[in-house]
Enquirer: 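Pasting a structure here, questions to come.
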Amino acid sequence: MDLSVQSPENIAYMIEKIKEKLRMVNVDAMRSENFSTEQYEDLHYMYEMVMKRDNITPNEMQAIAAELGSMRK
């Protein structure tokens, strides 16, 4: 998958992977349809940051969820 291409499919993929990594309970709040390609670069940055971390603290999870929430359209 080429994540350098801004597409709804790539947004859906990154959101799914972030939800899996964070083991988010409220997955309905993080639906890929809620994100536009206008925030693609920010979302891609967030995806890269989350994927390279081995452990994410509860406080970091909250901050990531809040940031993703602010990106929603």
Side-chain angles (χ1 to χ4, degrees):
M1 178 163 282
D2 183 7
L3 294 179
S4 65
V5 177
Q6 295 183 13
S7 70
E9 293 81 18
N10 285 348
I11 290 174
Y13 175 81
M14 289 189 290
I15 293 295
E16 251 337 282
K17 291 301 181 183
I18 290 171
K19 287 190 300 191
E20 288 173 14
K21 183 83 171 195
L22 298 180
R23 295 184 295 269
M24 295 182 77
V25 176
N26 190 3
V27 294
D28 286 337
M30 301 307 298
R31 296 177 49 205
S32 61
E33 302 87 40
N34 295 334
F35 296 87
S36 75
T37 53
E38 293 174 9
Q39 288 93 14
Y40 191 86
E41 288 182 29
D42 295 332
L43 182 59
H44 187 255
Y45 173 79
M46 182 73 62
Y47 167 80
E48 292 289 328
M49 182 193 71
V50 169
M51 290 300 117
K52 68 179 161 182
R53 301 286 307 269
D54 289 329
N55 297 314
I56 299 174
T57 67
N59 285 342
E60 290 170 327
M61 278 188 215
Q62 280 186 311
I64 292 166
E67 185 63 29
L68 288 171
S70 72
M71 287 185 216
R72 291 174 49 193
K73 56 180 175 180

Enquirer: Only counting residues at least two apart or in another chain, list the ones meeting salt bridge (charged side-chain N to carboxylate O under 4.0 Å, His left out) with Glu38.
Expert: none

Enquirer: Please say which of Asp42, Asn34, Ile18 ends up in a side-chain contact (heavy atoms from CB on, under 4.5 Å) with Leu68.
Expert: Ile18

Enquirer: If you compare all heavy atoms of Ser32 against all heavy atoms of Ala12, which two are closest, and at what distance to 0.1 Å?
Expert: CB-CA, 3.4 Å

Enquirer: Donor-acceptor pairs under 3.5 angstrom involving side-chain atoms of residues 43-50: please list them, not counting sequence neighbours.
Expert:
residue : atom : partner : partner atom : Å
His44   : NE2  : Glu48   : OE2          : 3.4

Enquirer: Which pair of heavy atoms, one from Val5 and one from Tyr40, lies closest together, and at what distance?
Expert: O-OH, 3.0 Å

Enquirer: Restricting to salt bridge (charged side-chain N to carboxylate O under 4.0 Å, His left out), what partner residues turn up for Glu67, sequence neighbours left out?
Expert: none

Enquirer: Only counting residues at least two apart or in another chain, list the ones meeting side chain to side chain donor-acceptor pair (under 3.5 Å) with Thr37.
Expert: none

Enquirer: Under the salt bridge (Lys or Arg N to Asp or Glu O under 4.0 Å) definition, can you give me all pairs with a residue in residues 7-18, not counting sequence neighbours?
Expert: Glu16-Lys19, Lys17-Glu20

Enquirer: Mind checking the CZ-CD1 spacing from Arg72 to Ile15? Nearest 0.5 Å is all I need.
Expert: 10.0 Å

Enquirer: Under the side chain to side chain donor-acceptor pair (under 3.5 Å) test, which residues partner Ser4, sequence neighbours left out?
Expert: Asp2

Enquirer: Residues in side chain to side chain contact (heavy atoms under 4.5 Å, CB included) with Glu60, at least two apart?
Expert: Arg53, Ile56, Thr57

Enquirer: For a 4.5 angstrom cut-off between non-hydrogen side-chain atoms, does Met14 reach Met51?
Expert: no

